[in-house]
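Here, residue 1 is the first one in the sequence, and each next residue gets the next number.
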Amino acid sequence: LEGYDGTKGIQFAPVYTSAQPPAITSIPPLTTIVNQPFAYQAYAASDTPVTWSLTDAPEGMSIDPDTGLVTWLPNSLGTWSVAIEAIAPD
């Protein structure tokens, strides 16, 4: 440290990084009704805001990348696979 005379304290500003990826903490409903709007608010435990995406979903299902709100209007009976991903920026 140039000019440091040993009499003043040094302060450090911590930089926090997310050591682990966000963990989705909300539990989605497992059923819905045909021709009735479906909505599910996903939540994640993270030190920073996350970006949401669907990595597997039925046609027409969407997720708001900023809020994690999943919406869909199912138009037929069936079983569908859905996968949600929450990503924290580096």
Side-chain angles (χ1 to χ4, degrees):
L1 297 170
E2 187 176 335
Y4 179 69
D5 65 7
T7 60
K8 296 180 182 174
I10 299 173
Q11 292 185 342
F12 294 93
V15 175
Y16 297 99
T17 59
S18 180
Q20 302 213 3
I24 297 174
T25 58
S26 51
I27 300 172
L30 298 178
T31 61
T32 189
I33 299 172
V34 173
N35 294 321
Q36 295 293 313
F38 170 86
Y40 159 61
Q41 180 62 62
Y43 294 102
S46 175
D47 295 335
T48 60
V50 299
T51 299
W52 296 92
S53 64
L54 291 170
T55 59
D56 189 17
E59 185 177 337
M61 181 177 278
S62 63
I63 190 166
D64 184 300
D66 297 320
T67 67
L69 180 63
V70 177
T71 56
W72 183 43
L73 184 63
N75 57 13
S76 63
L77 293 174
T79 301
W80 292 271
S81 176
V82 176
I84 298 175
E85 182 176 56
I87 300 173
D90 293 334

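Val82 has its side chain within reach of Pro58: a pair of non-hydrogen atoms, C-beta onward, lies under 4.5 Å apart. You'll find the side chain of Ser26 reaches within 4.5 Å of the side chain of Ile24, heavy atoms only. Ile63 has its side chain out of reach of Leu69: every pair of non-hydrogen atoms, C-beta onward, lies at least 4.5 Å apart.
Note: Thr51 OG1 to Asp64 CG = 10.5 Å, rounded to the nearest 0.5 Å. For the atom pair CG of Leu77 and CD1 of Ile33, the computed distance is 11.0 Å after rounding to the nearest 0.5 Å. Residue Leu54 holds its CG atom at 11.5 Å from CH2 of Trp72, rounded to the nearest 0.5 Å. One finds the OG1 atom of Thr71 at 9.5 Å from the CZ atom of Phe38 (value rounded to the nearest 0.5 Å).
Hydrophobic clustering, with ILVMFWY side chains joined whenever heavy atoms are under 4.5 angstrom apart, keeps Ile87 apart from Val50.
Between the side chain of Trp52 and the backbone N or O of Tyr43, no donor-acceptor pair lies under 3.5 Å.
Minimum heavy-atom separation, Leu73 to Gln36: CD1-C, 3.5 Å. Across all their heavy atoms, Ile84 and Tyr40 have their closest contact at CD1-CE2, 3.6 Å. When all heavy atoms of Asp56 and Ser81 are compared, the closest pair comes out as OD2-OG, 2.7 Å. Annotation for Pro22 and Ala44: closest pair CB-CB, 4.1 Å, computed over non-hydrogen atoms.
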